[in-house]
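Beneath this line is the structure, given in structure tokens, with notes to follow.
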Amino acid sequence: RGLWCAPSTVDLAGAEIELVGLSHRERRLRQVIEQLYAALDRSRRPTPDYVIIDCPPSLGLLTLNALVAADEVLVPIQGEYYALEGLTSLMRIISLVQDSMNPKLTVGAILLTMVDGRTNLAAQVAEEVRRHFPGQVLRSTIPRSVRLSESPSYGQTVMTYDPTGTGALSYRSAA
């Protein structure tokens, strides 16, 4: 109750190609969200408190549209070395979007995911991220977990698949 969900489909795979030739292609999602809010307001129906946009781990037109439409970004980062390089690239892109298309955009939080607490690497990555982004990294981390990996194959979230497991508890803590 009170939750609307517009899941993507395989059709979204072609959207990036279709957007290439359009004018103001980076603002299309923002325009649609603004139209939705206006239509709901005119009909006197409640407007959403939040719009959450899940993006692919790439910096293409779909992600750019999400950054232009968003006020705040939650960045999940794996507890791996190469994820630090990806985070650096993402922060550079966010800065460019702030400068040219969406000055309201902020990084609200960074969430360390797939953290293997048994390795020094995970601890070093967490330390490095916390050092560069003090106050933005959530204290809660999401551990690497077989149950987290299994849940999608059963068509469930970890909250229904293993509600008392460390993965579900970690996500609740982060939320």
Side-chain angles (χ1 to χ4, degrees), residues 1-10 12-13 29-30 33 46-60 62-98 102 104-175:
R1 185 171 172 87
L3 176 66
W4 299 351
C5 186
S8 73
T9 66
V10 75
L12 195 56
L29 181 58
R30 181 183 198 102
I33 291 171
T47 57
D49 295 322
Y50 299 96
V51 174
I52 299 173
I53 306 165
D54 187 17
C55 296
S58 68
L59 297 174
L62 296 178
T63 302
L64 180 60
N65 261 270
L67 292 173
V68 171
D71 294 327
E72 190 173 313
V73 179
L74 167 66
V75 180
I77 177 174
Q78 289 184 15
E80 303 285 341
Y81 173 76
Y82 285 120
L84 289 173
E85 291 182 13
L87 180 60
T88 301
S89 296
L90 178 61
M91 291 304 175
R92 191 170 46 251
I93 296 296
I94 288 172
S95 180
L96 290 170
V97 169
Q98 288 169 323
N102 185 0
K104 295 187 306 185
L105 184 64
T106 63
V107 175
I110 298 172
L111 175 62
L112 291 157
T113 65
M114 299 179 82
V115 175
D116 187 343
R118 302 168 298 174
T119 67
N120 289 334
L121 176 62
Q124 290 169 347
V125 168
E127 181 182 320
E128 193 73 14
V129 173
R130 286 190 172 99
R131 188 169 60 82
H132 284 299
F133 302 98
Q136 290 176 298
V137 181
L138 297 178
R139 279 178 284 156
S140 299
T141 62
I142 310 304
R144 189 173 293 276
S145 159
V146 171
R147 303 295 276 175
L148 279 170
S149 300
E150 286 175 347
S151 62
S153 66
Y154 289 93
Q156 297 182 44
T157 69
V158 71
M159 300 302 179
T160 57
Y161 182 68
D162 187 23
T164 59
T166 58
L169 296 175
S170 297
Y171 273 111
R172 277 193 191 94
S173 176

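This is a predicted model, so every value here is computed, not measured.
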Review point. In a check of side chain to side chain contact (heavy atoms under 4.5 Å, CB included) between Ile53 and each of Thr63, Ile33, Val73, which one passes?
Key: Ile33
Review point. Applying the side chain to side chain contact (heavy atoms under 4.5 Å, CB included) test to Met91, which of Ile93, Leu87, Thr88 qualifies?
Key: Leu87
Exercise for review: Name all residues meeting the side-chain hydrogen bond (donor to acceptor under 3.5 Å, both in side chains) criterion together with Gln78; count only those two or more places apart in sequence or in a different chain, and write none if there are none.
Suggested key: none
Review point. So how far is it from Asp162 CG to Leu169 CG, rounded to the nearest 0.5 Å?
Key: 8.5 Å
Point to revise | Any Val107 side-chain heavy atom under 4.5 Å of Phe133 side chain | key: no
Point to revise | Polar side-chain atom of Gln136 near backbone of Ile110 as donor-acceptor pair, under 3.5 Å | key: no
Review point. Does atom CD of Glu85 have more than 12 heavy-atom neighbours from other groups under 6.0 Å away?
Key: yes
Point to revise | Heavy-atom pair with the smallest gap, counting every atom of Tyr171 and Leu111 | key: CE2-CD2, 4.3 Å
Check your understanding: For the residue pair Ala70 and Asn102, what are the closest heavy atoms and their distance?
Key -> O-ND2, 2.6 Å
Check your understanding: Judged by atom type as modelled, is there a donor-acceptor pair below 3.5 Å linking the side chain of Arg144 to the main-chain atoms of Asp116?
Key -> no
Practice item. Take Glu150 and Arg147 through the salt bridge (Lys or Arg N to Asp or Glu O under 4.0 Å) test and state the conclusion after the steps. Key: CA-CA 5 Å; Glu150 286 175 347; Arg147 303 295 276 175; 3.3 Å; yes
Exercise for review: Please confirm whether the backbone N or O of Ser173 pairs with a side-chain atom of Arg139, one donor and one acceptor, at under 3.5 Å?
Suggested key: no
